[in-house]
Amino acid sequence: MIPSMDELDAEIIRLLQSDARLSNRELARRIGVAPSTCLERVRALTRRGVIRGYHADIDLKALNRGVQALISVQVRPLRRSVIEAFKDSVGALPEVMTVFVLAGGDDFLLHVAVPDLDHLHGFLLDRLSKRGEIVGFRTSVIYQRAHHPVLERL
């Protein structure tokens, strides 16, 4: 069982979500504790699995992948082998950023990033719709993404 977090842990996480490149010394200064205390807290959060890693925030437009979409997919038959094979194969496609396996009306949610709407259309027609296990899909183009740190919602 993971122990509950106190205000110091929550502040560490909030600051790291804002800027994961903060040095331990700067992080300690901002929260008002000794660097050794801060380092032990960060290590404990990592050991407990609260902090799983540090990631770069990439500008997809700078990589010529400025159009993003969410694609809800239904597959049949609903067998473990079909689900695993679909998840692995679409996850390997360069356009696919994330694959979510769902319960409910849709079986998957794909987050894709492509250069433009023509490429999205081609991806849907030339790659996705040709897969035999797909019985339906819906596409929603993403206009904006509002990022909210996790702890602001807890």
Side-chain angles (χ1 to χ4, degrees), residues 1-75 78-117 119-120 123-124 127-128 131 137-154:
M1 181 165 140
I2 296 176
S4 63
M5 292 192 319
D6 62 16
E7 290 180 25
L8 185 59
D9 289 340
E11 185 64 8
I12 289 170
I13 290 171
R14 189 187 67 74
L15 287 168
L16 288 176
Q17 283 184 301
S18 175
D19 183 0
R21 294 183 65 176
L22 285 174
S23 69
N24 183 65
R25 184 171 305 281
E26 179 60 19
L27 187 58
R29 186 191 68 73
R30 289 189 188 185
I31 59 177
V33 299
S36 59
T37 300
C38 184
L39 183 60
E40 182 49 41
R41 288 292 189 116
V42 171
R43 286 179 177 164
L45 288 166
T46 302
R47 278 193 307 272
R48 290 172 31 206
V50 176
I51 296 174
R52 296 186 307 179
Y54 300 89
H55 309 279
D57 184 15
I58 306 300
D59 181 359
L60 291 172
K61 288 180 186 174
L63 297 176
N64 194 28
R65 293 176 75 176
V67 172
Q68 295 180 64
L70 297 174
I71 305 168
S72 302
V73 180
Q74 303 86 42
V75 298
L78 283 179
R79 286 196 304 252
R80 182 179 302 275
S81 60
V82 173
I83 291 169
E84 291 298 321
F86 182 82
K87 179 182 69 169
D88 293 342
S89 64
V90 297
L93 297 173
E95 297 89 350
V96 177
M97 305 287 293
T98 310
V99 177
F100 297 96
V101 181
L102 307 175
D106 296 317
D107 303 310
F108 294 92
L109 182 65
L110 310 178
H111 175 204
V112 301
V114 294
D116 52 43
L117 289 174
H119 280 86
L120 177 60
F123 174 79
L124 295 170
R127 289 203 160 161
L128 214 52
R131 298 190 59 101
F137 63 88
R138 290 181 320 279
T139 304
S140 299
V141 173
I142 299 171
Y143 290 128
Q144 294 179 337
R145 177 179 176 245
H147 179 70
H148 300 285
V150 172
L151 282 183
E152 290 179 10
R153 300 201 172 271
L154 297 179

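Quick caveat, the model's predicted, so the values are computed rather than measured.
- With sequence neighbours excluded, the residues satisfying salt bridge (Lys or Arg N to Asp or Glu O under 4.0 Å) with Arg29 are Glu26.
- Contact check for Leu109 versus Val73: no side-chain heavy atoms found under the 4.5 Å cut-off.
- Shown here is Asp88, whose CG atom has more than 12 heavy atoms of other residues, nucleotides or ligands within 6.0 Å.
- Of the charged side-chain nitrogens involved, none lies within less than 4.0 Å of a carboxylate oxygen, so that Arg79 and Glu84 do not count as a salt-bridged pair.
- One finds a salt bridge joining Arg127 and Glu95 here, because a Lys/Arg side-chain nitrogen approaches an Asp/Glu carboxylate oxygen to under 4.0 Å.
- Residues Pro35 and Arg25 share a closest heavy-atom pair of CG-NH1, 4.1 Å.
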**Candidate pair Ile13 and Met5, rule side-chain contact (heavy atoms from CB on, under 4.5 Å), full reasoning** = CA-CA 10 Å; Ile13 290 171; Met5 292 192 319; 3.4 Å; yes
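- For Arg131, the CZ atom is densely surrounded, since the number of other residues' heavy atoms within 6.0 Å is greater than 12.
- Ion pairing of Asp9 with Arg48 is present here, as a side-chain N (NZ or NE/NH1/NH2) and a carboxylate O approach within less than 4.0 Å.
- Ion pairing between a basic and an acidic side chain is recognised when a charged N comes within 4.0 Å of a carboxylate O; Arg65 and Asp116 show no such pairing.
- The shortest distance between side-chain heavy atoms of Arg30 and Leu22 falls below 4.5 Å.
- Residues Leu8 and Ile31 meet the side-chain proximity criterion, which asks for heavy atoms closer than 4.5 Å.
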**Steps toward salt bridge (charged side-chain N to carboxylate O under 4.0 Å, His left out) verdict (Asp107, Lys87)** = CA-CA 10 Å; Asp107 303 310; Lys87 179 182 69 169; over 6 Å; no
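- A donor-acceptor contact shorter than 3.5 Å is absent between the side chain of Thr37 and the backbone of Val33.
- Between the side chains of Asp106 and Gln74, a donor-acceptor pair is found at a separation under 3.5 Å.
- Residues Arg52 and Thr46 have side chains that never bring a donor and an acceptor to within less than 3.5 angstrom of each other.
- Between Phe137 and Leu110, every side-chain heavy-atom pair lies at or beyond the 4.5 Å cut-off.
- For the ring pair (Phe, Tyr, Trp, His ring centres under 6.0 Å) condition, no pair includes a residue of residues 15-59, sequence neighbours left out.
- Screening residues 82-103 for ring pair (Phe, Tyr, Trp, His ring centres under 6.0 Å) gives Phe86-Phe108 as the qualifying pairs, with residues at least two apart or on separate chains.
- Residues Leu60 and Met97 form a side-chain contact, since some pair of their non-hydrogen atoms from C-beta on lies under 4.5 Å apart.
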